[in-house]
2 protein chains.
Amino acid sequence: MARTVGANGAATAEHILDVAERLAQTRGFNGFSYAHIAAEIGITKASLHYHFPSKADLGRALVARYAKNFQAATAGILASGEDALVKLKQYVLVYRQVLGADRMCLCGMFAAEYATLPEQVQQELRRFFDENERWLTGVLEEGLRQGALQFEGHARDVAGLLTGALEGSMLLARSYGDGTRFNASVEQLLKTLVPRPRARA
Amino acid sequence: MARTVGANGAATAEHILDVAERLAQTRGFNGFSYAHIAAEIGITKASLHYHFPSKADLGRALVARYAKNFQAATAGILASGEDALVKLKQYVLVYRQVLGADRMCLCGMFAAEYATLPEQVQQELRRFFDENERWLTGVLEEGLRQGALQFEGHARDVAGLLTGALEGSMLLARSYGDGTRFNASVEQLLKTLVPRPRARA
DNA sequence: GTCTATAGGTGGATAGAC
DNA sequence: GTCTATCCACCTATAGAC
């Protein structure tokens, strides 16, 4: 609002975020610069500073937009009305698509660099994970009630495990350039949530 | 060998690695510099370059030493003769101690920055994860044979899930400055590997 | 909104004296 | 092995013209 001036005032800012997002997801917050973005867009560094005065501003905007889009996706899944296991698989698919573009989850990436991030970015980051685990906890509890899922212990702890496992599996799969690693880990994890007696192999 | 000259020739190099390791584990490869290390040790940047000519050399040495120490730990666990579940818990404890020092696993950290790493460091990194999953796979297969563990599917896939989940859980726990998050996720995961019928909650 | 120009700092790295 | 001195590339950020 404050800065959206002309007809396409926001368009450039979005373009900047698009490029910066990809760089951040592949190289990390400390692995890209205004110069990288400028070169790719065909604009000067000074112009970037007009849209995002400091890199902290840019980082905060990146996480905020990423979280907003993620939340839109999870809201859509919730509205699908499918059973909890299907919802979970759709949720995993969101991560899988990010990995398919040879990117790491923006927030998992930033979590690694957490200690070096501007405070505003750190706060925005935690909001993302809080929101995700809140959503997952809801789906897990629903699944338990419905009988669509099975697990011991608190739904919140399972949600934490899911988040950690998804982020970690992405991290490793990307290092190996092998998305099937991610698939295998996720399938292994989802097996444990499927409601049937599994005393033996 | 090549560079160990005087009586304490290797001592300084080790000291450098100690400081660099901590910086790398908390700030990432792109989050620390020769200047940081120099200031902390009380030596000049130029002297650091004597021991590690390029940052790529330093990075490779960091991962190599970290992997060596990790392997010594896993070898010790293997030699303990405990059953597979206990071995697994001891393995988790190695990660937990790293987190307890407010550090991320060096290799998980570098995995995030993978795309920006010198090639030699990338190679060394994959060797670490390969070795870890090889070890885990062995313990998992042993546990299945002994009846000390239970899981469906291939041991290698479970090993991949464990590695990913451990790294990811560390990543998130450190962002929250809350080691109990890690504990909760790991306990939740280990539950699924304990050999008793778990059809219901 | 975008540009040129530049400031002020830090990055990794080298030469050469001691 | 460690130092001083220095190089040059790159970083984030700002001033001011258009």
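Reminder, nothing fancy here: chain letters follow the sequence lines and each chain counts from 1.
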Handout entry: Separation of C/dG11 C1' from B/Leu58 CG (nearest whole Å)
Key =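 Answer to the nearest Å: 14 Å.
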Problem - Gap between atoms NZ and P, on A/Lys55 and D/dC10 respectively (whole Å) - result: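 Whole-Å distance recorded here is 15 Å.
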Exercise for the section: Residues of residues 26-47 of chain A with any non-hydrogen atom less than 4.0 angstrom from an atom of DNA chain C: list those, numerically ordered, please. Expected result: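 A/Ile43, A/Thr44, A/Ala46, A/Ser47, in order of number.
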Exercise for the section: Compute both the distance and the angle, then confirm whether B/Lys191 meets the cation-pi test with A/Phe151: under 6.0 Å from the six-membered ring centre, within 45 degrees of the axis. Expected result: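 No, a cation-pi geometry is absent between B/Lys191 and A/Phe151.
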Practice task
Go through the structure and list residues passing side chain to side chain contact (heavy atoms under 4.5 Å, CB included) with B/Ala67, not counting sequence neighbours.
Solution key: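 Here the qualifying residues are B/Phe128.
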Exercise for the section: Let me know which of A/Ile43, A/Leu58, A/Leu17 forms a side-chain contact (heavy atoms from CB on, under 4.5 Å) with A/Ile37. Expected result: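 Only one option passes, and that is A/Leu58.
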Exercise for the section: Indicate yes or no: does A/Glu131 engage A/Arg126 in a salt bridge with an N to O separation below 4.0 Å. Expected result: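 No, A/Glu131 and A/Arg126 are not salt-bridged.
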Exercise for the section: Kindly indicate whether a cation-pi arrangement holds for A/Arg27 with A/Phe32, taking the cut-offs as under 6.0 Å to the six-membered ring centre and within 45° of the axis. Expected result: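 The answer is no; the distance or angle limit is not met.
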Practice task
State which of D/dT12, D/dG1, C/dT2 makes the closest approach to the side chain of A/Thr12.
Solution key: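 Closest of the options to the side chain of A/Thr12: C/dT2.
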Exercise for the section: Figure out the CZ/P separation between B/Phe52 and D/dT2, and round it to whole Å. Expected result: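 Result: 12 Å.
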Handout entry: Aromatic plane relationship, B/Phe70 with B/Tyr95 - under 30° parallel, 30 to 60° tilted, over 60° perpendicular
Key =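 Judged by the thresholds at 30° and 60°, the geometry between B/Tyr95 and B/Phe70 is perpendicular.
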Practice task
Send over the distance from A/His49 NE2 to C/dT2 P, rounded to a whole Å.
Solution key: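 So the NE2-P distance, A/His49 to C/dT2, works out to 14 Å.
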